[in-house]
Amino acid sequence: MDNRREEIARRRKVRGLSQEALAAQLNVARTTVARWESGEVVPLPWVRPRLAEALGLSLVELDMIFTQDATQQVAFVVPAAEPLGVVGLDDESLWRILMDESDGMDRKQFLRLALATGAASTLGAVEAAASPTSVLDPRSVKSYAAITAVQRDLYWTLDAPAMLDIALGHLRLGSRLLNASRHGSEPTTTLAAAVAHTALLAARVALFDLGQTRLAERCFAVAESASAEARDPSLAAVIAGHHAFVPGFAGDLTAARCYLDLAMAHLRRRPNGLIESWVGCVSAELHARTGDGATARSLTDRAEQALARAADAPTWFDFYDASRLAGFAGNAALLAGESAVAVGWLERALDELGEKAAKQRTVVLLDLAAAHQVLDADRGAAYADEALSLLETVPYSAAVDRLDDVTSRFKETPHGARLTERARTLQVA
């Protein structure tokens with residue numbers, strides 16, 4: 001047991017807790033606590049806030065204890081009443097929600113989508129390797145990762161419900177492969193990274209596209225756990241940064257900052273200017289949402305500086321660039337009441353958005369509508385109409401969430417009733 005693990009045991013003893021007492025407090029098995037303290041496994045993110053509180057640590061201090069260990073494995077923790085194993089991820093039956101055969105798509109749907117993406121030829125090898133008694137075949141890992149990459153590309157064109165279905169199905173399969181690897185060879189970092197990417201994709205669709213926050217939380221838990229095995233600080237930073245949106249959207253900046261601090265801690269292990277810039281933009285938006293416009297502006301400036309010095313990012317980090325920074329900065333200025341500044345940023349974002357960014361375009365158009373309402377109501381209403389027309393064909397929860405604010409701004413204008421009715425139709429649908 002190394003010094004970091006000794007600290008967990010020491011903290012427990014200082015608090016006057018036996019392993020049994022701590023396990024009962026957290027609703028996990030005593031053997032789970034013992035495995036944490038031995039360094040054999042790490043706790044899942046869902047249990048970490050309660051573990052930190054029980055030990056008198058901050059969440060960031062606890063996370064750093066576990067993320068600094070290069071040899072850690074993921075603890076797929078289950079409630080004390082359940083047998084210890086890979087599949088029971090938390091006390092709200094995360095495995096059943098995400099992975100059960102009765103949920104999401106069935107095998108026929110999966111195969112149809114696999115055929116459509118050209119991935120079906122790999123499925124036989126992948127599914128054969130998912131047997132609990134098999135030894136993981138490197139070809140299966142390669143095939144699984146290839147399908148993960150295809151799904152990342154599909155995100156930009158496939159409708160959200162279908163995208164979530166295939167991502168959850170693939171996540172179920174990846175978890176079985178990880179399970180199989182534990183019965184044979186050691187889990188590979190390549191497989192763990194692919195599972196983490198798949199879980200992150202599912203979380204993004206659930207949160208931003210469909211507004212399913214609880215499901216997103218569970219997917220983030222799987223992503224964080226798999227990324228610990230992948231030992232990829234860049235991936236871990238991006239997952240933590242995305243997770244910050246969950247408490248951030250709920251107005252809990254303190255909890256959001258824990259995830260953002262963790263993201264930056266990961267980036268200190270493997271610096272990347274582009275990802276650092278994105279994390280800064282996420283932080284700026286969340287500060288702006290909670291009324292701290294001055295901090296948001298400062299963070300946006302620092303994000304722009306980081307972007308200017310950024311080198312190459314991982315190929316999978318394809319959802320952030322100068323246009324997205326402009327969108328973040330424009331939204332932060334809008335939330336701070338700086339309409340003219342917001343317009344400048346947002347028009348730049350609109351000009352620079354790529355062809356794949358239809359979802360983000362709806363968000364920028366609605367922010368432009370809100371910013372222009374003060375400056376030029378007619379022009380603002382035109383932006384709102386354009387956004388509403390796009391949302392009719394490209395539904396996006398993150399944009400729909402802005403509709404009430406936008407329509408309320410136009411309430412006393414000649415466009416108010418028409419925009420409100422169009423928005424109501426979309427929100428009901």
Side-chain angles (χ1 to χ4, degrees), residues 44-50 59 63 89-100 103-105 155 158-172 196-227 236-263 278-279 281-290 319 328 331 335 359-360 362-363 366 391 394-406 423 426-429:
L44 274 172
W46 69 266
V47 82
R48 291 185 189 181
R50 286 186 286 154
L59 184 58
D63 280 335
L89 290 183
D90 70 16
D91 55 0
E92 294 186 37
S93 301
L94 170 58
W95 175 263
R96 177 175 54 79
I97 293 171
L98 288 180
M99 311 299 178
D100 191 87
D103 292 328
M105 66 180 172
Y155 172 77
L158 196 63
D159 66 277
M163 187 73 254
L164 185 59
D165 269 351
I166 66 168
L168 291 180
H170 198 49
L171 187 53
R172 177 170 63 245
H197 279 294
T198 301
L200 175 60
L201 175 61
R204 289 173 60 197
V205 176
L207 181 62
F208 299 120
D209 292 65
L210 300 174
Q212 297 183 20
T213 304
R214 293 186 64 199
L215 178 58
E217 279 274 35
R218 286 150 179 75
C219 293
F220 281 129
V222 178
E224 287 160 344
S225 297
S227 72
V238 170
I239 292 168
H242 274 96
H243 203 160
F245 280 110
V246 176
F249 284 170
D252 187 350
L253 184 59
T254 300
R257 288 180 66 178
C258 287
Y259 287 110
L260 294 167
D261 288 346
L262 183 59
W278 173 77
V279 172
C281 282
V282 173
S283 184
E285 177 175 333
L286 298 182
H287 276 83
R289 281 174 172 263
T290 53
F319 47 81
F328 274 112
N331 179 255
L335 293 171
K359 298 171 183 178
Q360 188 63 24
T362 60
V363 171
L366 287 172
L391 280 171
V394 186
Y396 191 46
S397 178
V400 172
D401 287 345
R402 282 165 156 78
L403 291 179
D404 284 342
D405 174 66
V406 171
L426 274 174
Q427 290 167 318
V428 169

CA sep, side-chain torsions, deciding dist, call: V246, L207, side-chain contact (heavy atoms from CB on, under 4.5 Å): CA-CA 8 Å; V246 176; L207 181 62; 4.0 Å; yes
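- Residues T290 and G251 approach most closely at CG2-O, 4.0 Å, considering heavy atoms.
- Atom CD1 of residue I166 and atom CG of residue L171 lie 12.0 Å apart, to the nearest 0.5 angstrom.
- Residue R402 holds its CZ atom at 10.5 Å from OG of S397, rounded to the nearest 0.5 Å.
- In terms of heavy atoms, L286 sits closest to A244 at CD1-O, 3.5 Å.
- Aromatic pair F208/F245: ring centres closer than 6.0 Å.
- A donor-acceptor contact shorter than 3.5 Å links the side chain of S225 to the backbone of A221.
- In this structure, CZ in R289 is found 6.5 Å from CG in N331, a value given to the nearest 0.5 Å.
- Checked options L210, L201, D209; the residue passing with M163 is L201 (criterion: side-chain contact (heavy atoms from CB on, under 4.5 Å)).
- Put simply, the residue from L164, L158, D159 that forms a side-chain contact (heavy atoms from CB on, under 4.5 Å) with P161 is D159.
- In this structure, A399 and L391 approach most closely via the heavy-atom pair CB-CD2, 3.8 Å.
- Note that NE2 of H197 and OG of S227 are 9.5 Å apart. Values are rounded to the nearest 0.5 Å.
- In this structure, R218 and R214 approach most closely via the heavy-atom pair NH1-O, 2.8 Å.
- Screening Y259, W278, F249 for a ring pair (Phe, Tyr, Trp, His ring centres under 6.0 Å) with H242, the sole residue that qualifies is W278.
- The backbone N or O of I239 sits nowhere less than 3.5 Å from a side-chain atom of H243 that would complete a donor-acceptor pair.
- Residues L426 and V400 form no side-chain contact, since every pair of their non-hydrogen atoms from C-beta on lies 4.5 Å or further apart.
- Scanning both residues, P247 and A255, for their nearest heavy atoms gives CB-CB, 3.7 Å.
- Remark: E285 CD to C281 SG distance equals 9.0 Å, nearest 0.5 Å.
- For the pair A202 and C219, the tightest heavy-atom approach, listed with the atom from each and the gap, is CB-SG, 3.8 Å.
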